[in-house]
Amino acid sequence: MIEIHGLSKSYGSVRALDGLELTLAGGPVGLLGPNGAGKTTLIKLLLGLLEPDAGSATIAGQDPTTPAGRRALRASVGYMPESDCLIPRMNGVELVTTLGRLSGLTATDALTRAHEVLDYVGLDEARYRIADDYSTGMKQRLKLAQALVHDPALLLLDEPTNGLDPKGRREMLELVHDLGHAQEKNILLCSHLLPDVEATCRDVVVLKQGRVTLTGAIEELTGADGRGFELELDGELAPFEAALAADGIALRRERDGRRTVELPAGARDADVLFALAARHEVRILALRERRATLEQVFLAGLGREERP
Amino acid sequence: MKATTHTEVYRRFQGRLAPARLRCLPLLAAGVRVALKRKWPLLLYLPPFGAMLVLSFIVYTKFLLEEGLAPAVLTPAGANPGTQVIGSLAGTLIEVHTIVFWSVFGMGQFALLIAGWYGAGLIAEDRRRGAHLLYFARPLSKLDYLLGKLGVVACFIGAGVLVPALAIALTAVFAAPGWSFLTEHGSIFLDILLYTSVHTFVLASFMLAISSLFKRWAYAVVTIAGYVLLSSGLANLLSWLNRDQSWQVLSPTRCLWRLAASIFEVEQVVGVRLDWSPALAWSGLGGVVALSWLVLWLRVRRMESVA
């Protein structure tokens, strides 16, 4: 869906993107990165709003640097900007209809689609109110509706939960999840909120200083490696802990009270834990493989130490 | 399937998107519709349309008097023995060209107000509310965007200048005996179209250029008013100091007056002599348009890349 090769863009002496290499097959993808990582620049380059200094980026084979490619590409992309954006003095239906017309829908189709997508995002009777008077949550939904009006193949969503209260945030995430999974839309979701990405996306790309530092499926990145375990124990733990240490296994107590162990490299399975526990009369009530959180993955991607 | 928090399913679009041609038209239609939501600014059209009625009546009367007839309002007691004399005087004193000139000249002043009201916020408000973020993520070129916005302001200016002038000319056509006005002075329609097109294009381009420089309607209006007053004052001052009317070229409104005078064959208006070179007026207006479009292009290019 998206092919990026050697993409570079600088603003004066600031290098926003530095020879970016990335291939995204499709589906819902989270684009993570700290401020200044180049996320917004990447979206602008994909839409053809900026000219790259070097390299190329294509969406479904369309090149945004040529006028024809840009037109074709923008017809197949729905963009939900991060900041507030409205067409002055238009109500919800008028705004979505007008933008549908500009995307290439006929007048009748644009009006029909406007009502359909406004229904979908839950802007019911409010659609006839002037959008300037909408609440933040309604404006976010309206922005999503206008991005969907022409039923694009790819959605570029820039911080879609920005400024939303918990209920509004949950509703927005449900919509994005539905679009990405049930409707099988290709989504590139820019966010600095890791739970948003974790809740809605299948894959993740981490950017740092204009380069991709980590990419892959969230399931795989946060998946168990067969060496880390969470334990629930009962009995006298001191001798058991000493025996584990003698075998090179550290029993740790996490902040939330969980106990975890990390088997040494080369350990084949967790049988050693059961053997030692039996020898020291400790009962193992539960044993689970430990999974990394997206936050840990993200921080690892940024090359920083994981939090204790 | 639908989002668990919502009641409606997502429906796929089964039709096809049209190729990206003339995308300025939906933008124009939406712009006019939004502008017409506020009704009271339409009061700006009352003076031009009132003047149109009066001037049309004068033209109608002229042709009646020339025929030796008198409208009932002029001869309440019935037949008037002096109608022949009055008719002769009317034919000599009332020239349709002059009346059309006065129409476009007078309406031009109102057109400035109309353009200020409807045009000053067109790009400024888009920038302030972030509408350009939505527009330029669509298959909409910069030229389409500019033409759409230009079309909106041109519609409102045109309605204030073109319609009254055409109405007066049409009155003359229908009031003149045996279509004589059309056969003898039919070219006046081309003159009207030429002048109002130039007037509308210059004013709309200038208005949009100023609008693109600000984020608020009010700042754009003040700048436009200030520029028009200052340029006219400066043009008058330099013309008076140098005893040379050519300095009037510094004022776009004076250039439009000169153009109107040239097209409708009038030599002076409200005490201002309009006998300086029309070519200079064309150059002045060309300069204003070129500068306006340069500003517009640079600003809109920036809007697109900022989007």
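In what follows, chains carry the letters A, B, and so on, assigned in the order in which the sequence lines appear, proteins first and then strands, with residues in each chain numbered from 1.
Between A/P67 and B/S141, the closest side-chain pair of non-hydrogen atoms is not below 4.5 Å. Inter-residue side-chain proximity for A/L179 and A/L155 is flagged as met; some heavy-atom pair is nearer than 4.5 Å.
At a cut-off of 3.5 Å, with distance as the only test, a side-chain donor of B/S251 or B/T253 sits close to an acceptor on the other residue. The closest side-chain donor-acceptor pair between B/E304 and B/H132, if any, does not fall under 3.5 angstrom. The closest side-chain donor-acceptor pair between A/T161 and A/D196 falls under 3.5 angstrom.
Each salt bridge (charged side-chain N to carboxylate O under 4.0 Å, His left out) pair with one or both residues in residues 93-106 of chain A, not counting sequence neighbours, appears once here: A/E94-B/K37. Applying the salt bridge (charged side-chain N to carboxylate O under 4.0 Å, His left out) test to residues at least two apart or on different chains, the pairs with a partner in residues 127-138 of chain A are A/D119-A/R127, A/D132-B/R129.
Chosen from B/L134, B/L140, B/L27, the residue pairing most often with chain A at heavy-atom distances under 4.5 Å is B/L134. When each of A/T112, A/L47, A/L86, A/D109 is checked for heavy-atom pairs under 4.5 Å with chain B, A/L86 comes out on top. Note on A/E116, A/K143, A/K167, A/E51: by heavy-atom pairs under 4.5 Å with chain B, the leading option is A/E116. Heavy-atom pairs under 4.5 Å with chain A peak, among B/G148, B/A131, B/G15, at B/A131. Ranking A/A147, A/P88, A/S76 against chain B, the residue ahead of the rest is A/P88, based on heavy-atom pairs under 4.5 Å.
Proximity to chain B (any heavy atom under 4.5 Å) is restricted, for A/D84, to the backbone atoms N, CA, C and O. Proximity to chain B is limited to the side chain of A/V149, based on heavy atoms less than 4.5 angstrom apart. Contacts between A/L45 and chain B at a heavy-atom distance below 4.5 Å are absent for every atom of the residue. Of the two parts of B/R128, neither the backbone nor the side chain holds a non-hydrogen atom closer than 4.5 Å to a non-hydrogen atom of chain A. No part of A/A107 comes within reach of chain B, as not one of its non-hydrogen atoms sits under 4.5 angstrom from that chain. Proximity to chain B (any heavy atom under 4.5 Å) is shown, for A/L156, by neither the backbone nor the side chain. Contacts of A/P81 with chain B are made by side-chain atoms alone, with heavy-atom separations under 4.5 Å and no backbone atom involved.
Residues passing the side-chain hydrogen bond (donor to acceptor under 3.5 Å, both in side chains) test with A/S10 are A/R15, sequence neighbours excluded.
Here CG of B/L147 is found 9.0 Å from CG of B/L22. Values are rounded to the nearest 0.5 Å.
Taking non-hydrogen atoms and a 4.5 Å limit, the residue list of residues 205-222 of chain B in contact with chain A is empty.
A salt bridge links A/R141 and A/E171; the closest N-O separation between the charged side-chain nitrogens and carboxylate oxygens is under 4.0 Å.
A distance-only check finds no donor-acceptor pair linking the side chain of A/D63 to the backbone of A/T58 [under 3.5 Å]. Checked by atom type and distance alone, the side chain of B/R12 pairs as donor or acceptor with a backbone atom of A/Q183 at under 3.5 Å.
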